[in-house]
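Structure first, commentary second.
Note that the structure is predicted; figures quoted are calculated from it, not measured.
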Amino acid sequence: MNWEEKGMISKTSLFNKSLILSDLKRFWWLSALYAVLLFFVLPFNHLLQSTTTELAMRRTSIIGSLKLETTAEGNIQMLLICAVPVLLAVLLFRYMHVGKATAVIHSLPCSRRTLYVSHSVSGLLLLTLPVLLTGLLLIATYVLGNFKAHYSFALIPHWVGFTLLFNYLFLSIALFAGMLAGSSIAHLILTYLLHLLPIGIYSLLDYNLYHLLYGYSQSPSYDTPTDALPIILLFKRNVSSWNLPIGYWIGYLLLTLFFFIAAGQIYRIRKLEAAGDIIAFPVIRPIFKYGITLCSMLLCGAYSAMFSEGAVPMILTGYVLGSLMGYWVTEMLMQRSIKVWHSYKGYMAFCAVIAVLLMGVATDTAGFVKHVPKPEEVQEVYYGFHIQDWFVKRLKDAEYIQYNRRQEEYSYFFKSADAIKSVTDLHTQLIRKPYNKKGLRHYVIYTLKNGKHVVRQYPIDDQQYAAFLKPIYESMEFKRVRYPFIAYKTEEIEWMEIGNTHFPRDLALRLTPSDSYELLELLQKEVSQLTYEEMLRTPSGNHMQIQVEGIDNHSYSIYNLPLQDHREALNQWLKNKGYYEKVAHAPQKASYTRTDQFDTYVQVKLK
């Protein structure tokens, strides 16, 4: 045999056509079912939508189905991506998990590399054909069905590429999991564990630290390290196939190649006698066992914290019960026996590691609790209730800011040296023991000059920390956020109305331009004189509510202004202009004759 013939054999032995054709004959039904479902979700649904008279609804439904957005059609496609490749991988390599079948298949005159590549190619073909067929039908529908007014043609090849990428990615992960599993059931479970275990561990750790570590702030659901995981990104509401960054496309493609190659390498060294076991490789079993034990422990701890309001003894009790249950159940499954008490040493080692970690949290070994940035290191600080304000500003989310046009300007960010010093003084007081657990939870988020962030969340009692809150609340920087209208200029105002919240809205009095400007200036002066105690006072008796209606009729309800007797200037102005009695007494056409609560509101319409 010459070298040319050897090279030809090497090339053709990479995969076996007979094996591929056999797979296509055996599992064509799954591919056909996938194609039928895609047909009804996409081309057929588009034709049905073309008969809808509501143009906007039709356009939203069609575009949402192609972008895999969170519409009914998009959700169905996401579920298919999560299910079909995994089921196909289980069927194609099921012989590995059955003792007789694996012996028969591996006795064929084919190398393991040939077997793996051939079955993988079959899986790729069975996933690709339905998507390409649906793509062709979408093109035909687009050309013949007058859909040019609803969406761009580019959406079709984009949908094909996105669907194929995620199908291949989920198939590669399923193949990788299958090489580690010893049974088909374990194959299914392990596949979804690979997708969900990082999310579960992170979420449970996040929730448990929230109760164990004073000042720890849970990560918002829209900003976690697990957001880039395929199964999370697929179902995220603010991400669709159309706006997926190019870096994600490249990253997922490389990840797909990695899992395909890794699965092939593991398949080459997998032992035949592993069929029927839960985990095929002994070296993987401790990772599986302790991973399940950790998740079970954290889950029971989180459950205990939820129903005990974060009581540490109850959380620790949950840890013990959860770890015991997780460890021993996993041991029984792997050993296929209930006589597993001889494995207690592994559990004791796990408990020792967890005890050391919990001791480190309790003693604040890392200095997390006691860390307060120096004022000169801080560029700006956020002090408020909503972490999304800080998150949006940090990411410069243009779409969010456009919707909340004045939101970024009027969020609780402080940059002056005095305000930063006041917040750090408050922070220093908060971390003194005994730790406070009363009051509403506030975020204290520092943006340091080196670009790093320090994020904390504390319950703050308004009375207990009044001496430290007073300079923050009475600063003009804080008041400009709490009462945004004090920053308005007269040229920004289109009109102002004044009325009583107990009377119908159509009884409000439209102010003249001159009166509007006078009232605005007077309100600005009154706000500058407000004290900390007045701003915390619950509205009762006389008060004024400022309601601002911006462009696009987007309204902002602003906090109440007290109208106590010592607010002489404002009360006198209302009386001099004749507004005081008019908003206190309803006209005869109203069902009210008098109200004991003089609750005035001022409606401000911006240009």
If we only count heavy atoms from C-beta on, is the [X] to [Y] side-chain gap below 4.5 Å?
X    : Y    : answer
F468 : L430 : no
F162 : W249 : yes
I250 : I246 : yes
S217 : R456 : no
P459 : L440 : no
I472 : V423 : yes
L426 : V444 : no
M297 : Y327 : no

Test of understanding: with salt bridge (Lys or Arg N to Asp or Glu O under 4.0 Å), list the residues that count as partners of [X], not counting sequence neighbours.
X    : value
E518 : K577
D364 : none
E521 : none

To the nearest 0.5 Å, what is the distance between [atom1] ([X]) and [atom2] ([Y])?
X    : Y    : atom1 : atom2 : result
T512 : Y517 : OG1   : OH    : 9.5 Å
L448 : Y446 : CG    : OH    : 9.5 Å
E534 : E474 : CD    : CD    : 9.0 Å
S296 : L324 : OG    : CG    : 9.0 Å
K438 : I460 : NZ    : CD1   : 13.5 Å
I81  : L169 : CD1   : CG    : 10.0 Å

Taking the ring of [Y] and the ring of [X], is the distance between their centroids below 6.0 Å?
X    : Y    : answer
F385 : H442 : yes
F413 : Y382 : yes
F166 : Y252 : yes

Applying side chain to side chain contact (heavy atoms under 4.5 Å, CB included), can you list everything that pairs with [X], at least two apart in sequence or on another chain?
X    : value
I76  : V41, L80
T365 : T363
S516 : M496, L511

Under a 3.5 Å distance rule, please check whether [X] uses its side chain to pair with a backbone N or O of [Y] as donor and acceptor.
X    : Y    : answer
Q457 : Y443 : no
N208 : L298 : yes
T330 : G326 : yes
K479 : V527 : yes

Give the C-alpha distance, both sets of side-chain angles, the deciding distance and a yes or no for side-chain contact (heavy atoms from CB on, under 4.5 Å) between L193 and I292.
-> CA-CA 10 Å; L193 271 179; I292 297 298; 4.2 Å; yes

Could you give the side-chain donor-acceptor pairs of residues 366-376 under 3.5 Å, partners two or more places apart or in another chain?
none

Heavy-atom closest contact (P198 atom, T226 atom, distance) |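 Looking at all heavy atoms of both residues, the shortest contact is O-CG2, 4.0 Å.
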
Considering non-hydrogen atoms only, spot the tightest contact between L229 and I199 and give its length.
->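 In this case the closest contact between L229 and I199 is CD1-CG1, 3.5 Å.
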
Could you walk me through whether Y214 and Y435 pass the ring-ring contact (aromatic ring centres under 6.0 Å, His included) test, one step at a time?
-> CA-CA 8 Å; Y214 185 66; Y435 297 143; 4.1 Å; yes

Might you work through the side-chain contact (heavy atoms from CB on, under 4.5 Å) test for V454 and I445, ending with a clear yes or no?
-> CA-CA 6 Å; V454 177; I445 307 177; over 6 Å; no

Excluding sequence neighbours, so at least two apart, what forms ring pair (Phe, Tyr, Trp, His ring centres under 6.0 Å) with H195?
->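 Ring pair (Phe, Tyr, Trp, His ring centres under 6.0 Å) list for H195, sorted by chain: F170.
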
Taking only residues two or more places apart in sequence or in another chain, which ones pass ring pair (Phe, Tyr, Trp, His ring centres under 6.0 Å) with H211?
->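 Ring pair (Phe, Tyr, Trp, His ring centres under 6.0 Å) list for H211, sorted by chain: Y207.
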
Can you label the angle between the Y473 ring and the Y383 ring as parallel, tilted or perpendicular, going by 30° and 60°?
->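 Rings of Y473 and Y383: perpendicular, as their planes differ by over 60°.
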
Angle class for the F307/Y303 ring planes (parallel below 30°, perpendicular above 60°, tilted otherwise)?
->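 Answer is tilted, since the angle falls between 30° and 60°.
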
Listed partners of S416 passing side-chain hydrogen bond (donor to acceptor under 3.5 Å, both in side chains), at least two apart =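 Result, side-chain hydrogen bond (donor to acceptor under 3.5 Å, both in side chains) vs S416: E477.
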
Which residues pass the side-chain hydrogen bond (donor to acceptor under 3.5 Å, both in side chains) test with S323, sequence neighbours left out?
->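 Checked S323 against side-chain hydrogen bond (donor to acceptor under 3.5 Å, both in side chains); matches are Y347.
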
Stepwise side-chain contact (heavy atoms from CB on, under 4.5 Å) test for L294 and L204 = CA-CA 10 Å; L294 179 63; L204 290 171; over 6 Å; no

Do other residues, nucleotides or ligands put more than 12 heavy atoms under 6.0 Å from the NZ atom of K525?
->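 Incorrect, the count does not exceed 12.
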
Before giving the answer on side-chain contact (heavy atoms from CB on, under 4.5 Å), spell out for T531 and M535 the whole-Å C-alpha distance, their side-chain angles and the decisive distance to 0.1 Å.
-> CA-CA 6 Å; T531 64; M535 285 188 279; over 6 Å; no

Residue pairs passing the salt bridge (Lys or Arg N to Asp or Glu O under 4.0 Å) test where at least one lies in residues 416-429, sequence neighbours excluded |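 Output for this query lists K421-D425.
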
Return yes if a side-chain donor-acceptor contact under 3.5 Å exists between Y458 and H427, otherwise no.
->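 The criterion, which ignores hydrogens and geometry beyond distance, is satisfied for H427 and Y458.
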
